[in-house]
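What follows is a short report on a single structure.
Throughout, a chain's letter reflects where its sequence line sits, starting with A, and its residues are numbered from 1. Not measured: the values here are computed from a predicted model.
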Amino acid sequence: MMRGLIVGDLELRLSEADVEEEWKTAFHSDPSEKEKCYINVAYPYPSGAMHVGHGRTYIVPDVIARFWRMRGRQVLYPMAFHVTGSPVIGISKRIARGDAKTLSLYRDLYKVPSDVIDRFSDPLAIVDHFSNEYQRVMSRLGLSIDWRRRFTTILPQYSKFIEWQYSHLNGQGRVVRGEHPVKYCPQCDNPVGDHDLLEGDKAEIVRFIFVNFEMDGYIIPCATLRPETIYGVTNLWVNPDVRYVKADVDGIAWLLSREAAEKLALQKHTVAITGEVDGSELIGRTVSHPLCGSVRILPAGFVDPDMGSGIVMSVPAHAPFDYIALLDLQKKGEYTDIEPVSLIKVDGYGEIPAKEAVIRHGIVDQHDPKMDEVTQEVYSAEFSRGKLLARCREHEGKPVRVAREDVGAVMEAEYGSIWFYDFDQQPVICRCGSRAYVRILDDQWFLTYSDLEWKQQVHDQIEKIALVPPEVRAEFDRTVDWLKDWACTRRVGLGTRVPWDPKWLFEPLSDSTVYMAYYTIAHRISGIPAESLTPEVFDYIFLGRGNPVNVDRTTLDALRSEFLYWYPYNYRFSAKDLISNHLTFQLFHHRAIFPDELQPKGMVVFGMGLLDGAKMSSSKGNVFLLEDAAEEFGADTVRMFLVGSAEPWQDFDWRNELVSSVRKQIERFIGYIAESGGVTGTTDVDAWLSSRLQRRIAKMTESLELFQTRQALQEAYFGIESDLKWYRRRLPAGSPGGAVLGEVSDAWVRLLAPVIPFTCESLWREMGHDGLVSFAEWPAPDQTRINPEIELAEELIVRTIEDIESIIKIIQVTPGQLTILLAPEWKYEVFRRVAAAEDKRSVTKELMKDDSMRKRGKEAANTISQVIKLIHSLPPQLVEDISSLAPDEYEIFTHAVTFIEKEFSVKVKVLHAEASGHAKAGMALPFKPAIVIE
RNA sequence: GCGUGAGUAGCCGAGCGGGUCAAAGGCGCAGGAUUUAGGGUCCUGUCUCGUAGGGGUUCGCAGGUUCAAAUCCUGCCUCACGCACCA
């Protein structure tokens, strides 16, 4: 009796534990005679518990790994933990501080015991705890990982590996020093990433230019994105209620808002405040700029000292805000001599676009909520279609987008303009609660992804690499084009120090680019002291170069040979959000470090995970923990759902009701296998079932080769199940079936083993096999068992039964007798000739040229048109089979009479239509007999 | 806003080098069967009309190409992912 037949919760879990124990070391993978298959996944950052979304990321590669292992490959599926970076440092601080939200996340959602949480004030305790959890849960889910190779990215040996990589990149001139604006918290004295922000995580850093006016020996800067509009400036705006400061900026006397002066100090300028001045004192004064001459300063309450320099240049012809503000003053009879000065011609507008737009939208004053929209409208019209007018001198006729660059460059070179960075929205608040600013870091290290030659090499690589799905190729190419230099170092966090500048650490994405190579030797190198692992050692292992002496040669040769066995990797798996950074970075780095023959071979990109239709997100609490899922449904159910509900590259949606039905499917599968045990003998439908099985095997194999896990499961689960259902329906009453069922079970258990390995492992054992199904031979379709005639005959019966059912349903009578009238041979001839005809429209004429057809007259013409219609409604393969195999319908139906009689509980007669003399006889067509129900 | 991709029946999803598509499969729902103890299993139906296996209208919206379009082209709308120093 088979154990596990009745799948109680407890029993299921017990058997999972048994199998897990057996697998403990089964997937340790060493170089062998066999062809290798090396797959890997982006390693996790263990700062929290795994949810079902993570589950799929690691289960899909596992299914693929198991598949190729059964196909006889030496498969390597390794795993490590990425602990580089700063998030856990923030987490540990928040936990130490007793932050309620963080504590609740870890205690309630991740279910970390309180004594463990107590240790979380140490960031290393967090990653330690969760990497062990990850391993435990991954094992529980049956991932066939070689755990000997596990490492973390702050292991001293790994750091040495990073140093080696960067010594090459640096030597190639690919690491350069540069300056870079970042979001920065003065309180924390550190750059802040978007996830470090309490508010303003969508804020972007915008680069303004200061247009420097002059007044009494002071520079009066105005921040703008549109330097070309200098030719249309009619005045400046100053807020009379704001106290401005005089400041010494890089040795020159400036006048600007206090906020602006402080911001400048963070942007590589020396700023010393020397005095203050009321905005009101500035009103009415005259300033000048070489490109627009002298203009006056006017009062404006809307000027924000925290925006730009706190002083604004006014271009009323093209800026609706300026226009309406000027108008407001003039309504009071002030400054009536100022006229808007037009400098841009744009189709769809007259001389003063700002004025027209304001009038068109019925704006009455500056406080109208539509002002932003109007401004946007004018700006984008001018930017996309505008051309500069004659008053812009040498820039006349230039499109706005060009003139903007040109005028800016001239101002910077000749008129003392500098760049000024600020956020496009406020406020931007650090998690510590204080305000964040833009700061320019000037000793930052960059990877030169902007290098055109390097980009080209990566483009060439992308052309050669296998990408799943292929549509992502365009996105990779775009990313390569779009990448600029990447700031690859940080001041804080865990990680490897920059060897030549130890105050910096390599940033997390930058230390995770070629670690797939490290897996190949991770278990062998962990015993070697880090001090011995000089760059020369890695050169020897990975590049076969040099003559290192601090590690003995036998060891080195072993490492080198293992690396060469596995590398290059065959497939890397990752979610699609990493295309624009990690997945592309690793191509860059492989290209820079490794020779042609060791470049990546392929990548598989995953879709995202949803939970009940909403995006999964730990921070929002919208997650379902993987372990809870395994507990509730069983590991195999979780696996089958995650790989079967959508193809890997599609988004999937975890819904408990759907998962439950997957569980029933597995139970049904176990039931089928159990019932087929020990069945002997043969039946009439065995050959059919066997033939179908071969096709299912071929289809599933093909699908898995293409990573189509969902398609594979459709064939291997639902396909085989539906064949079995039909098979059983076809059996004579009381028959348990034939020995073919054993053949099906044997193949079926192996086909599903990659997806539901726990179940299949125990079934395999119950079936009396030695060894693990995980290493059993993958079924191969047996061509000799494929029998198209039998499948065609069965198809005819299926279709006829469907016809009978639908007729019965419509006429709603209880049939007393059923007669099947078969089409005569000449109609088959028509069928074959129509099927073979290129042009179905002229085939009637063609056929009617025949004497044999003509003498049948109208009947022949009708038949031809019915056959044309019939052929259009049948699958092409079927049409071909009907033509070429010429099924003997009489033989087929007389054999199936008992079955049809059983189906409809009615007497069945099978007759040749033309001999029957029946009124419906004319309806009979090839493969579609006429049916008479009385 | 920019880049990449997607929009198919109650839901999820096949199909997308044009005819074979009223459109696979699953889920859900409905009816029936079953010596069915419990949500199990099997069969049937599930856009619409129809007392003979058929007809009609559908595949984000609006146009276009074609004898023929879910499938090709154009425009629009909506959604997802990415837009950088961050895992």
Side-chain angles (χ1 to χ4, degrees), chain A residues 42-45 47 82-88 180-183 191-196 204-205 376 380 441 444-447 449 469 471-479 481-490 493 507-510 512 575-582 605 607-608 610 613 615 644-647 649-653 655 657-658 660-662 664-665 667-668 671 710-711 713-715 717-719 721-722 725 728-729 799-800 802-813 840-841 870-879 903 920 923 928-933:
Chain A
Y43 49 23
Y45 184 78
S47 64
H82 191 209
V83 303
T84 315
S86 51
V88 284
H180 183 66
V182 294
K183 292 177 185 172
V192 283
D194 285 346
H195 57 280
D196 297 322
E204 281 182 55
I205 294 173
Q376 193 54 47
S380 27
L441 297 180
Q444 172 67 268
W445 294 98
F446 287 86
L447 282 163
Y449 293 148
E471 300 86 68
V472 298
R473 181 163 271 114
E475 206 174 340
F476 274 103
D477 277 321
R478 283 289 175 175
T479 300
D481 288 335
W482 161 85
L483 274 173
K484 295 184 257 193
D485 287 352
W486 178 266
C488 62
T489 55
R490 285 211 69 170
E507 163 282 328
L509 285 172
S510 304
S512 301
K576 68 176 168 193
D577 52 350
L578 295 188
I579 293 177
S580 68
N581 49 52
H582 166 73
V605 175
M608 312 302 286
L610 304 175
K615 199 157 115 185
S645 67
E647 298 294 5
W649 48 90
Q650 296 169 329
D651 295 350
F652 77 95
D653 190 1
R655 296 212 157 117
E657 330 86 80
L658 298 184
S660 307
S661 67
V662 170
K664 285 181 211 154
Q665 286 155 8
E667 287 168 8
R668 241 158 37 223
R710 176 192 157 87
Q711 180 62 37
L713 219 39
Q714 291 281 330
E715 286 297 332
Y717 185 81
F718 297 107
E721 185 184 39
S722 93
K725 279 183 190 169
R728 294 213 228 171
R729 186 172 166 186
R799 284 175 176 267
T800 305
E802 280 168 2
D803 274 358
I804 297 170
E805 276 166 351
S806 92
I807 295 167
I808 291 176
K809 174 143 191 288
I810 288 162
I811 62 175
Q812 291 181 327
V813 295
K840 304 274 191 285
R841 276 174 293 163
L870 174 65
I871 283 179
H872 271 305
S873 74
L874 297 174
Q877 181 60 49
L878 184 58
V879 171
E903 285 289 303
K920 289 252 175 233
M923 290 278 292
K928 196 171 179 59
I931 292 156
V932 183
I933 296 169

What nitrogen or oxygen pairs link the protein and nucleotides 31-38 of chain B at under 3.5 Å?
none

Quiz item: Considering only B:rA87, B:rG82, B:rG25, which nucleotide approaches the side chain of A:Ser86 most closely?
Solution: B:rA87

Quiz item: Is the shortest side-chain N/O distance from A:Lys615 to OP1 or OP2 of B:rC81 below 4.0 Å?
Solution: yes

Practice problem: Would you indicate which nucleotide in B:rA80, B:rA84, B:rG3 comes nearest to any side-chain atom of A:Lys576? | Solution: B:rA80

Quiz item: Counting any heavy atom closer than 4.0 Å, what does A:Asp653 reach on the DNA or RNA strands: base, sugar-phosphate only, or nothing?
Solution: nothing

Quiz item: Are A:Lys576 and A:Glu475 close enough for a salt bridge, meaning some N to O gap below 4.0 Å?
Solution: no

Quiz item: Side chain of A:Glu507: nearest nucleotide among B:rG5, B:rG26, B:rA87?
Solution: B:rA87

Exercise. Can you figure out which of B:rA24, B:rA87, B:rG82 approaches the side chain of A:Arg710 most closely?
Key: B:rA24

Exercise. Would you mind telling me which residue lines up with the more 5' stretch of RNA chain B, A:Thr800 or A:Thr84, judged by nearest nucleotide?
Key: A:Thr800

Quiz prompt | Polar side-chain atom of A:Glu647 near backbone of A:Arg710 as donor-acceptor pair, under 3.5 Å | solution = yes

Quiz item: Excluding sequence neighbours, so at least two apart, what forms side chain to side chain contact (heavy atoms under 4.5 Å, CB included) with A:Ser512?
Solution: A:Tyr43, A:His82, A:Tyr515

Quiz prompt | Closest to the A:Ile931 side chain, choosing from B:rG53, B:rA87, B:rA84 | solution = B:rG53

Quiz item: Between B:rC81, B:rA52, B:rA87, which nucleotide gets closest to the side-chain atoms of A:Lys920?
Solution: B:rA52

Self-check item: Nucleic acid footprint by protein, nucleotides 40-48 of chain B - heavy-atom cut-off 4.0 Å, B for base, S for sugar-phosphate alone
Solution: SSSSS----

Quiz item: Taking any strand in view, what nucleotide pairs with B:rA68 in a Watson-Crick or G-U wobble way, both distances under 3.5 Å?
Solution: none

Exercise. With heavy atoms under 4.0 Å as the rule, sort A:Val932 into base, sugar-phosphate or nothing.
Key: base

Quiz prompt | Residue A:Ala474, side-chain atoms from C-beta onward, closest of B:rG82, B:rA24, B:rG5 | solution = B:rG5

Quiz item: RNA chain B: A:Met608 or A:Pro44, which has the more 5' nearest nucleotide?
Solution: A:Met608

